[in-house]
Amino acid sequence: MLKENEIETAIRILREPRTRMDIVYLLLLLIPIGKVVSYSTLAHILKTTPRVIARYLAMNKYAPLIPCHRVVTKRGELGGYTPGGREMKRRLLRLEGVEVQQDRVPTHVYFDCQLKQLLT
DNA sequence: CGACGAAGTCGCC
DNA sequence: GGCGACTTCGTCG
């Protein structure tokens, strides 16, 4: 169950995204359960670099309300996760049905192409 | 304002 | 598969 202030935050972001960070959060909400996207693609969409996307996600105080665990490396590695670390990230992904082996995700769970198409 | 450093990526070996 | 260079911008001084 969400806390009241979390709900308020979510609604605020949905109604009026104020920062580039908010935009990233909105994009994350488009990812279906069981799929992932790469830092690289998000960076491409926002015309910035993967490093910056990672920064935005790291600042995400609302995890896992904002599903930043669905963002992984372009080459199939898990990438980081701030509170809880890789352990937590792997667990969250598995809960959503993503098969993770040796901290890597298979290429067929990537949602990158569809996400780009949604935005054209 | 200037400097710092980070949840990545690419090219080279 | 490991290593170094490069990138961008929120935060801190």
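Computation of the quantities below employed the complete heavy-atom set of this structure, encompassing side-chain atoms and omitting hydrogens, waters and symmetry-equivalent molecules. Proteins come first, then strands; the chains are lettered A, B, ... in the order of their sequence lines, and each starts at number 1.
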Nucleotide nearest Met59(A) when distance is taken to its side chain, options dC9(C), dG10(C), dT9(B) = dG10(C)
Considering just the side-chain nitrogens and oxygens of [X], establish if one lies under 4.0 Å of OP1 or OP2 belonging to [N].
{"X": "Lys74(A)", "N": "dC10(B)", "result": "yes"}
{"X": "Tyr56(A)", "N": "dC9(C)", "result": "no"}
{"X": "Ser38(A)", "N": "dG8(B)", "result": "no"}

State, to 0.1 Å, how close Cys68(A) and Tyr81(A) come at their nearest heavy-atom pair, and which atoms those are.
->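 The pair with the smallest heavy-atom distance is SG-CE1, 3.8 Å.
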Hey, are the side chains of [X] and [Y] touching, using non-hydrogen atoms and a 4.5 Å cut-off?
{"X": "His44(A)", "Y": "Lys116(A)", "answer": "yes"}
{"X": "Leu46(A)", "Y": "Val52(A)", "answer": "no"}
{"X": "Leu57(A)", "Y": "Leu28(A)", "answer": "yes"}
{"X": "Leu119(A)", "Y": "Leu27(A)", "answer": "yes"}

Atom pair CE (Met59(A)) and OG1 (Thr82(A)), whose distance is rounded to the nearest 0.5 Å =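 So the CE of Met59(A) and the OG1 of Thr82(A) are separated by 10.0 Å.
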Starting at the 5' end of DNA chain C and moving along, which residue's nearest nucleotide shows up first, Arg104(A) or Arg20(A)?
->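 Mapping each residue to its closest nucleotide by heavy atoms, the 5'-most match is Arg104(A).
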Would you kindly compare Arg51(A) and Arg55(A) by the position of their nearest DNA chain C nucleotide and give the one closer to the 5′ end?
-> Arg51(A)
To the nearest Å, how far apart are [X] [atom1] and [N] [atom2]?
{"X": "Tyr81(A)", "N": "dG8(B)", "atom1": "OH", "atom2": "P", "answer": "15 Å"}
{"X": "Leu57(A)", "N": "dA6(B)", "atom1": "CG", "atom2": "P", "answer": "16 Å"}
{"X": "His44(A)", "N": "dT7(C)", "atom1": "NE2", "atom2": "P", "answer": "18 Å"}
{"X": "Met88(A)", "N": "dA7(B)", "atom1": "CE", "atom2": "P", "answer": "17 Å"}
{"X": "Tyr39(A)", "N": "dT9(B)", "atom1": "OH", "atom2": "C1'", "answer": "12 Å"}
{"X": "Asp112(A)", "N": "dG8(B)", "atom1": "CG", "atom2": "C1'", "answer": "14 Å"}
{"X": "Lys47(A)", "N": "dT7(C)", "atom1": "NZ", "atom2": "P", "answer": "19 Å"}
{"X": "Tyr110(A)", "N": "dG8(B)", "atom1": "OH", "atom2": "C1'", "answer": "12 Å"}

Base, sugar-phosphate, or nothing: which does Thr82(A) touch, judged by heavy atoms less than 4.0 Å apart?
-> base
More 5' along DNA chain B: Arg75(A) or Val52(A), using each one's nearest nucleotide?
-> Val52(A)
Ionic contact status for Glu96(A) with Arg70(A), cut-off 4.0 Å =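 Answer for the salt bridge query: yes.
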Name the stems that DNA chain C belongs to, where each is three or more consecutive Watson-Crick or G-U pairs with both distances under 3.5 Å?
->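 Looking at DNA chain C, the stems formed by three or more consecutive pairs are B:1-6 with C:8-13, B:8-13 with C:1-6.
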